[in-house]
Each structure stands twice: as structure tokens, then as C-alpha cells.
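First the structure, in the form of C-alpha cells, and then the observations on it.
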Amino acid sequence: MEESAAGGGGSNKSSSSSQQEGGDGGGADDLAAQVPPAFSAMSTSPPAPPPDNVTQQANQKLDDLLKTLSALSEYPDVLKNANNAYLEALSQALKQALAAVEQTRRQKIDERRRAASSTSQLSEQVALATRLLQSFLTARIQGLGAPTIRDPVEEVVRDCLEAYDKNIRLADLQISIGTVEGAMASRSKLDEKTITKRDQELSLLLTWVETVYITMRLCKALRSSATEETDAVAAALTEIGRQDLAKFALGTIQMARDTGMTAEKQVEEARRSGLAPPGSAVETMRISTRIVLLTIDHFDESQ
């Protein structure tokens, strides 16, 4: 075989004949001798599959394999006499490289979709936070039962319930509210007293939002406890972080169930007994109760 390969002229025919006699056993050395130096190392040892999630490396490996196949196509005797193990290894390497490229492509598509979804949800949270702040400020100025067409407290509850129904986490909504509030006006030129007042008002709004979330959870727990043996209310109270809010909401829910109190009836009673000054402790307690009652009304209507 070596003499034929070195001779020239009619050497191709002699070479082919010798390789056919060698079969799968002795043809490997002859095969290696015919592979051009530019890709001899790759052809004798098919490339390993590229690492996952690395697009550049995956594409490079695939490009190398395609170059190998392209070069081998110019030497039909090499492919014709290659043993089955080598061809299978080359085929597997090509499949793995293609799979890695496809996997990376799908991952990038998924990442773009998640990023778009995350951006959309963030925009939605910011819009809700802005509306909540606006309604909250109006509620603090007007108070409960003011003769207005739109009830700002009800709007606060409605926006919170919209966030709840859309599975926006309480912590995420509160962060958005804090971010929007901070962007409304720079604190750098405010005096300490004003900053303290703003912090107190922000804390109150965040408490209102949390009250809606806790009330919805307790309403669901009470409904489950009525139809199941497990004490869903006790479990919910254990998991809720703000025990003071949880106990207040639960007490208000039980009072409403026992007396038939609704948000509308509460406003009527407040007007008969005399409206408290906006921002006062009495007014703040009444609004907190109204928030729970409005949430109960929403829960009952959704059942």
C-alpha cells in the first residue's frame, strides 16, 4: 500500500484494491494516510459535543464538522473505506453539535420571552403603583364619606385586588410603590419633618395594600375551613407575617359575617355619627375597616 501511494500514475487503482481487501480491520492506517493534513487530526478523532449554552463554541464546533465533511467529500475513497465505528462517531458528533446549537437557540428565545414578560409585568406594576399613590393621597385629603363621585378608598382596594388577581406578589407591588413615591419628588431639599411625614404616609399606604392581600387570603381560608376538616384559618395566620394586621382583618371579617355589615352600610353609619377630620386616628381606623369590608364584598361577588 505504501509503495502504491508513493508511486503516482496508476497508484489510485492499486490503492483502492488494497483498501478493499483490508476491510474494517487493516484499512484504518491506510485511511489515515489518505486524509489531507489540514483535517487529519479531526477526522481520526471526531470532535466532542460542544458545551451547553455557549453559542460561539457550539457554532465553532459545528463549523469544524462541516469543514471536515466538505473536505472528505473531495476524497470519496476515504469515506468509502472508513470503518463503521468512525462514521458512527462522526455522525454522532454532528448530531450533538446541531442539538447544542438548537438548544442554545431555544434558550435565547425563551430568555427573550421571559425578559419581555418581565418588562411588561414591571410596567404594569409601576402603573398600578402610580394609581395607588394618587388614590391614596386623594383619600387622605377627602376622608371617608366625602360627597365625591369617585371613592378614592374603593379605588385603592380595586387596584390592590387587580394586582392580587394577576398574581403580583405583595413585596413586588410594595417595592414599585416605594420606587414611584421616591421618584415623585426629590428628598434632597426637604427638611427632616417633611421627610418623616412622607415616610409615615408611605408606610400607611403599604399597610393598606397588605390589608387587602391578607383579607383575601383569610376569606379563602375561612371558605376552606367551612368545607374541609383542616383549620385553614390557623394555617393562614401562622404564615402571615403581620400578626397585628391578620388579627384586625380576621376580627373585621367575623364582625361583618355576624352583623351583616358592608362597606356601604359603614359609610352610612359614619355619616350619621359624624365624619371625623381627614387624617385623624379615628378616620384612619374607619378607612382601615372599610378596606377590609370592600375586600370582603369583592370576594363574595367573585364566588
Side-chain angles (χ1 to χ4, degrees), residues 124-146 148 150-184 196-220 236-237 239-256 261-267 270 275-302:
E124 194 171 45
Q125 288 174 202
V126 171
L128 279 169
T130 303
R131 295 206 306 267
L132 279 165
L133 278 163
Q134 292 171 343
S135 298
F136 171 77
L137 292 174
T138 303
R140 294 293 283 164
I141 294 171
Q142 293 180 355
L144 181 65
T148 56
R150 301 172 63 181
D151 181 355
V153 177
E154 187 172 354
E155 290 182 350
V156 168
V157 173
R158 185 176 61 247
D159 288 336
C160 289
L161 290 170
E162 180 181 341
Y164 183 91
D165 291 339
K166 290 180 177 179
N167 296 319
I168 296 176
R169 296 191 316 128
L170 172 63
D172 291 339
L173 181 58
Q174 289 177 325
I175 289 172
S176 296
I177 292 171
T179 301
V180 173
E181 193 277 340
M184 289 176 66
T196 300
K197 179 63 176 176
R198 282 185 62 173
D199 288 341
Q200 290 173 345
E201 291 295 300
L202 175 61
S203 177
L204 180 59
L205 173 55
L206 297 181
T207 298
W208 286 10
V209 174
E210 190 169 2
T211 300
V212 174
Y213 271 68
I214 288 176
T215 303
M216 282 297 292
R217 184 165 187 179
L218 288 174
C219 284
K220 290 182 178 181
L237 286 173
E239 295 171 0
I240 293 172
R242 290 284 301 274
Q243 287 296 300
D244 56 337
L245 278 184
K247 291 177 181 178
F248 168 75
L250 182 59
T252 305
I253 293 171
Q254 291 170 337
M255 178 273 295
M261 177 63 72
T262 64
E264 184 176 355
K265 290 180 180 179
Q266 186 217 17
V267 172
L275 299 177
S280 65
V282 173
E283 177 70 8
T284 300
M285 178 56 70
R286 286 179 176 177
I287 290 180
S288 297
T289 302
R290 178 166 174 73
I291 288 171
V292 176
L293 294 173
L294 285 167
T295 306
I296 296 171
D297 290 347
H298 170 81
F299 177 81
D300 291 342
E301 290 170 2
S302 65

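Not measured: the values here are computed from a predicted model.
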Has Q134 got a side-chain atom pairing as donor or acceptor with P152's backbone, closer than 3.5 angstrom? no

If you round to the nearest 0.5 Å, how far is CD of Q254 from OG1 of T252? 9.5 Å

Got a donor-acceptor contact below 3.5 angstrom from the S203 side chain to the D199 backbone? no

Distance-minimising heavy-atom pair for T289 and Q266: CB-NE2, 3.7 Å

Run V156 and W208 through side-chain contact (heavy atoms from CB on, under 4.5 Å) and show every step you take. CA-CA 8 Å; V156 168; W208 286 10; 4.2 Å; yes

Roughly how far apart are L170 CG and I168 CD1, rounded to 0.5 Å? 11.0 Å

Count the heavy atoms belonging to other residues, nucleotides or ligands that lie under 6.0 Å from CE of M285, then report whether that count exceeds 12. no

What one should report as the nearest heavy-atom pair of Y213 and L173 is OH-CD2, 4.0 Å

Could you check T207, L202, L206, T179 and say which one makes a side-chain contact (heavy atoms from CB on, under 4.5 Å) with Q174? L206

Is atom CD of E162 surrounded by more than 12 heavy atoms (other residues, nucleotides or ligands) closer than 6.0 Å? yes

With no hydrogens and no angle check, is any side-chain donor or acceptor of R198 less than 3.5 Å from a backbone partner on E181? yes

E155 and R131, any side-chain heavy atoms less than 4.5 Å apart: no

Distance, nearest 0.5 Å, that separates CG of L205 from SG of C160: 7.5 Å

Would you compute the distance between atom OG1 of T215 and atom OH of Y164 and round it to the nearest 0.5 angstrom? 10.0 Å

Could I get the full list of salt bridge (charged side-chain N to carboxylate O under 4.0 Å, His left out) partners for D297, not counting sequence neighbours? none

What I want to find out is whether E154 reaches R158 closely enough, with some N-O distance under 4.0 Å, to be called a salt bridge. no

Minimum heavy-atom distance between V292 and A249, given as atom pair plus value: CG1-O, 4.0 Å

Does the side chain of V157 reach to within under 4.5 Å of the side chain of H298, using non-hydrogen atoms? no

Under the side chain to side chain contact (heavy atoms under 4.5 Å, CB included) rule, collect the residues that match up with D300, sequence neighbours excluded. R257, I296

For A263 versus R290, what's the shortest heavy-atom pair and its separation? O-NH1, 2.9 Å

Can you see which heavy atom on E283 is nearest to which on P277, and at what distance? CB-O, 3.4 Å

Of all the heavy-atom pairs spanning A236 and L218, show the shortest one and how long it is. CB-CD2, 4.2 Å

Interatomic distance, CD1@I177 vs CG@D172, rounded to 0.5 Å, equals 11.0 Å

Do the side chains of L128 and S176 get nearer than 4.5 Å, heavy atoms only? no

Atom pair OG1/CD1 of T211 and I291 - distance to nearest 0.5 Å: 6.0 Å

